[in-house]
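The structure appears below as structure tokens.
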There are 4 protein chains.
Amino acid sequence: MTIASEQIRSFLERIERLEIEKKIIADDIKEVYSEAKSSGYDAAVLRKIVSIRKLDANERMEQEAIMDLYLSALGMLPDDSEIVIDDQFAGA
Amino acid sequence: MTIASEQIRSFLERIERLEIEKKIIADDIKEVYSEAKSSGYDAAVLRKIVSIRKLDANERMEQEAIMDLYLSALGMLPDDSEIVIDDQFAGA
Amino acid sequence: MTIASEQIRSFLERIERLEIEKKIIADDIKEVYSEAKSSGYDAAVLRKIVSIRKLDANERMEQEAIMDLYLSALGMLPDDSEIVIDDQFAGA
Amino acid sequence: MTIASEQIRSFLERIERLEIEKKIIADDIKEVYSEAKSSGYDAAVLRKIVSIRKLDANERMEQEAIMDLYLSALGMLPDDSEIVIDDQFAGA
DNA sequence: CACTGGAAAATGCCGC
DNA sequence: GCGGCATTTTCCAGTG
């Protein structure tokens, strides 16, 4: 058996192992929704809440990312000075 | 020529016409970014701003959607009364 | 407000306006597929047809471009020949 | 704070915790593909192989299920046979 | 059990 | 040419 095929086999095994783990977790998530439903909660509402909170987190990350962009665009990113940016476009 | 093929042809033409329009607009957008770049602005920063504002709009819509979900879950949706919901989970 | 921020604002508005138009058209396309489906056609098949015709159109354009190269190499190409986008799908 | 909201909060936390784990694994998978690419392999081809093996595994599971049906119809199936997930990819 | 909506995967595209 | 990003397509669970 060539080295290449060994290496490929190794990559495939790692990927497939991870996919199995991922599937298990996805099933766990479904299970939690089922549980919630059994407890009388509306799964659709829960899903919506989760998705909105995800959006929130997402946006926070994007805000940080754009701040970095601003700073790099300004040739800044100083080692230890305080910076205040007037983010006039952030909100509207 | 059968009626069916006429109808299919009509659907295809409508779709393809719309796709052409869409492509033209996409090209227009690219052109604006190029212009901005020529004016000395960083296209990446602009893209980021646009995407964040899109996220904002998105989240606003989602908030409204979940509000409807809450109301329907409560069997409410009254015709003309004011409603205040304590959205304890909205923010965190 | 500085000139720069005015200019940025202008770029953003143009981009966002165009993106709205693009989204409207994308929704129109979805609507046509829905209509087709309501008329008893398989949307997936229609999508396939559209994509195949797009490929064909690309090939045709490439061949025409090559043809133009030959012609111009022979000095046989008119100076002001226009590119007519609508021709792209006319023959299929 | 009501019991209900406590319970909801708990469900949300469990779900979000699981989704984070899921995302970590998804990122790990991407990383493996990147690694493979760096080693000179075509990620697209690897993806194809993985999907084919997944199909194979599904078929195998279905065939085993059918086999079990036959066996149980014949009263030849042990009562407590366990489903072993790791077997899914063992043979490929 | 077909449909719709949303999540995930795959593809294509653009700038560096 | 490659990585990252946006779009597209596919898949699948949930719902009526």
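Below, chains carry the letters A, B, ... as their sequence lines are ordered, and counting in each starts from 1.
C:D56 has no carboxylate O lying under 4.0 Å from a charged side-chain N of C:R60, or vice versa, which leaves the two without a salt bridge.
Toward the 5' end of DNA chain E, the nearer of the two residues D:S51 and B:E62, judged by each one's closest nucleotide, is B:E62. Looking at which nucleotide of DNA chain E each of B:K37 and D:E19 is closest to, the 5′-most match is held by D:E19.
Residue C:I52 contributes atom CD1, which lies 18 Å from atom P of F:dT8 at whole-angstrom precision. Here the C1' atom of nucleotide F:dT7 and the CD1 atom of C:I29 are 12 Å apart, to the nearest Å. The nearest whole Å value for the distance from the CG atom in C:L55 to the P atom in F:dT9 is 11 Å. For the pair B:K54 NZ and F:dA6 P, the interatomic distance rounds to 8 Å; values are reported in whole Å. Rounding to whole angstrom units, CG of residue A:L69 and C1' of F:dC5 are separated by 13 Å. Between the CG atom of A:L46 and the C1' atom of F:dA13 there is a distance of 16 Å, given to the nearest Å. Rounded to an integer number of Å, the gap from D:Y33 OH to F:dG3 P is 16 Å.
Proximity note for D:K48 (side chain, C-beta onward) versus E:dC14, E:dT11, F:dG14: the nearest is E:dT11.
Counting only distance, with no hydrogens or angles, the side chain of A:S10 and the backbone of A:E6 share no donor-acceptor pair below 3.5 Å. In terms of modelled atom types and a separation under 3.5 Å, the side chain of B:S39 and the main chain of B:E35 share a donor-acceptor contact.
Dashed line: the shortest gap from a side-chain N or O of B:R47 to OP1 or OP2 of F:dA6 is not under 4.0 Å. Note on A:K22: a side-chain N or O is less than 4.0 Å away from OP1 or OP2 of E:dA9.
Checked options D:R53, D:K30, D:K54; the residue passing with A:E19 is D:K54 (criterion: salt bridge (Lys or Arg N to Asp or Glu O under 4.0 Å)).
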